[in-house]
There are 2 protein chains.
Amino acid sequence: MTILRSPRLADGTARGIPDATVARLPVYLRALNALTEQGVGSCSSIELAEKAGVNPAKLRKDLSYLGSYGTRGVGYDVEYLRYQIAREMGQTQDWEVVIVGIGNLGSALSAYQGFSTRGIRVAALVDADPQRVGSTVSGLTVSSLDDLDAIVADRSISIGVIATPGDAAQQVADRLVAAGVTSILNFAPALVQVPDGVDVRKVDLSVELQILAYHEQRKTGTDSKEPKVSNA
Amino acid sequence: MTILRSPRLADGTARGIPDATVARLPVYLRALNALTEQGVGSCSSIELAEKAGVNPAKLRKDLSYLGSYGTRGVGYDVEYLRYQIAREMGQTQDWEVVIVGIGNLGSALSAYQGFSTRGIRVAALVDADPQRVGSTVSGLTVSSLDDLDAIVADRSISIGVIATPGDAAQQVADRLVAAGVTSILNFAPALVQVPDGVDVRKVDLSVELQILAYHEQRKTGTDSKEPKVSNA
DNA sequence: AAGAGTTTGTGAACGCGTTAACAAAATCGA
DNA sequence: TCGATTTTGTTAACGCGTTCACAAACTCTT
């Protein structure tokens, strides 16, 4: 489970963007796309920050890691900034991903519209269940898990998505890594161990709801001495 | 968008658990459940931390916010600790949620097995599309968005899930809040604004993949001067 | 009963991320 | 041209979270 620390600046260009910033850049990108669609040509950090739901100072600091793409006294050129962020995020190319586990969630992911416009393309679907293999989901034929190596190699896929039950996750991760995948998005409710050099991100649906339930409990709970929290 | 700061300790009991800790408690819970199933009666912080994928010191500090439920020189009683965390997380009751937007993702969520064992129950499905209203998904009849108020009131639902396209998200959030929902899990690729007192968590599928793509780009990119990163 | 060995709970140091505050740099108007 | 205004880029302070390190507390063996 590599963490990929990088904020130390290298020799020449100011490389190495903090993880927290990297996680927000796609949000800025989405806001800039929306502005482009509205025909807005330029904007200030305050406007953009509002649309992205962050503090303006944070936005400016984030952008400063990429370079100086704004103009003092004026703001940012929407199209120029959008391109710079997209380039930094690697969106000048399309990243092909393979989804493993074509149950309800895997099917939903393969049909998800939001990927295509963001440099992500679902290139292959894989399942271990023979009954599912050969069927068509979202225009793609589901392949057997046994063919994973060939599929990853043929299309030089480097990103895999695990959408299997929890007890299959580790096994699937092992096969993805063996096939050459070096980044994994794990939706299964289980930890997966991977060798150094492989990135794993985890999205856990029930954990998110449990966190909400915790806060909910505290709201309806004992103390209402803090009526509604002044947030001005 | 309330942030719910609470780490300041109140009067009597040590209330107020840091957000980062709250986010990890469900993970510990899952690990403890696995241990119970394996018939393990007690464990050390090192063992549990390993199963949860965190640093042992972090685990102990997290648990210390709840109280002193371990025994020095011995470890933690699995069942006892599991109960204490579950109680703190509000899992002694079932939290009913309504899912809005029964497309691919909404259907997948309503069929998700992992919720039931974690104090979450999908109690109602709602969609704006008349063609979907009345159909049965995962054993539940899809209701009209117009009936949201009655549904939320009848079952005293306090948690809503938005699984609509991005451009419908704000409108749905408004209606959820108006109906009385005070916690929202938003899967739509859009920011939603809510009044104080309402919690929103956001899960963005394409953002997760874009973050992976960024790291992937840097791996295959320029510098291979850091061959595989010693992680010992 | 006492010492050796374990393991928790926590105080303290450290590091990252956020935010405020301001100087630098651009535009605009007179 | 020069001052007023706007807005970026950046430095510095602050706060939260993580991790180390160790004392306190428990068990076990002799």
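Throughout, protein chains are lettered first and strands after them, A, B, ... in sequence-line order, and every chain is numbered starting at 1.
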Q. Are side-chain heavy atoms of A/Leu81 and A/Leu48 found at a separation under 4.5 Å?
A. yes
Q. Does the side chain of A/Ile159 reach to within under 4.5 Å of the side chain of A/Leu185, using non-hydrogen atoms?
A. no
Q) Quick check: are there more than 12 heavy atoms from other residues, nucleotides or ligands sitting under 6.0 Å from CD of B/Glu79? A) yes
(Q) Using a 6.0 Å cut-off, check whether atom NZ of B/Lys51 has over 12 heavy atoms from anything other than its own residue. (A) no
**Q.** Position toward the 5' end of DNA chain C (nearest nucleotide), B/Gly67 or A/Asp62
**A.** B/Gly67
Atom-to-atom span, [atom1] of [X] to [atom2] of [N] - whole angstrom:
X: B/Lys61; N: C/dC14; atom1: NZ; atom2: P; answer: 16 Å
X: A/Tyr69; N: C/dA25; atom1: OH; atom2: C1'; answer: 19 Å
X: B/Asn55; N: D/dC20; atom1: CG; atom2: C1'; answer: 9 Å
X: A/Glu47; N: D/dT8; atom1: CD; atom2: C1'; answer: 14 Å
X: B/Leu63; N: C/dT10; atom1: CG; atom2: C1'; answer: 13 Å
X: B/Ile17; N: D/dC16; atom1: CD1; atom2: P; answer: 16 Å
X: A/Arg60; N: C/dA24; atom1: CZ; atom2: P; answer: 16 Å
X: A/Lys58; N: C/dA20; atom1: NZ; atom2: C1'; answer: 14 Å

(Q) Considering every strand and a 4.0 Å limit on heavy-atom distances, what is the contact class for B/Ala20: base, sugar-phosphate, or nothing? (A) sugar-phosphate
Under 4.0 Å between a side-chain N/O of [X] and OP1 or OP2 of [N], yes or no?
X: A/Arg24; N: C/dT18; answer: yes
X: B/Tyr76; N: C/dG9; answer: yes
X: A/Ser44; N: D/dT7; answer: no

Under 3.5 Å between N/O atoms: give me all the protein pairs with nucleotides 24-27 of chain D, atom names plus distance.
unit_1: D/dA24; atom_1: N3; unit_2: B/Arg72; atom_2: NH1; d: 2.9
unit_1: D/dC26; atom_1: O4'; unit_2: B/Arg72; atom_2: O; d: 3.2

Q: Tell me yes or no: between the side chains of B/Asp174 and B/Gln170, is some donor less than 3.5 Å from an acceptor?
A: yes
Q: Examine the side chains of B/Ser45 and B/Arg60 and answer whether a donor and an acceptor come within less than 3.5 Å of each other.
A: yes
Q. Does any N or O in the side chain of B/Trp95 come within less than 3.5 Å of the main-chain N or O of A/Leu209, such that one atom is a donor and the other an acceptor?
A. no
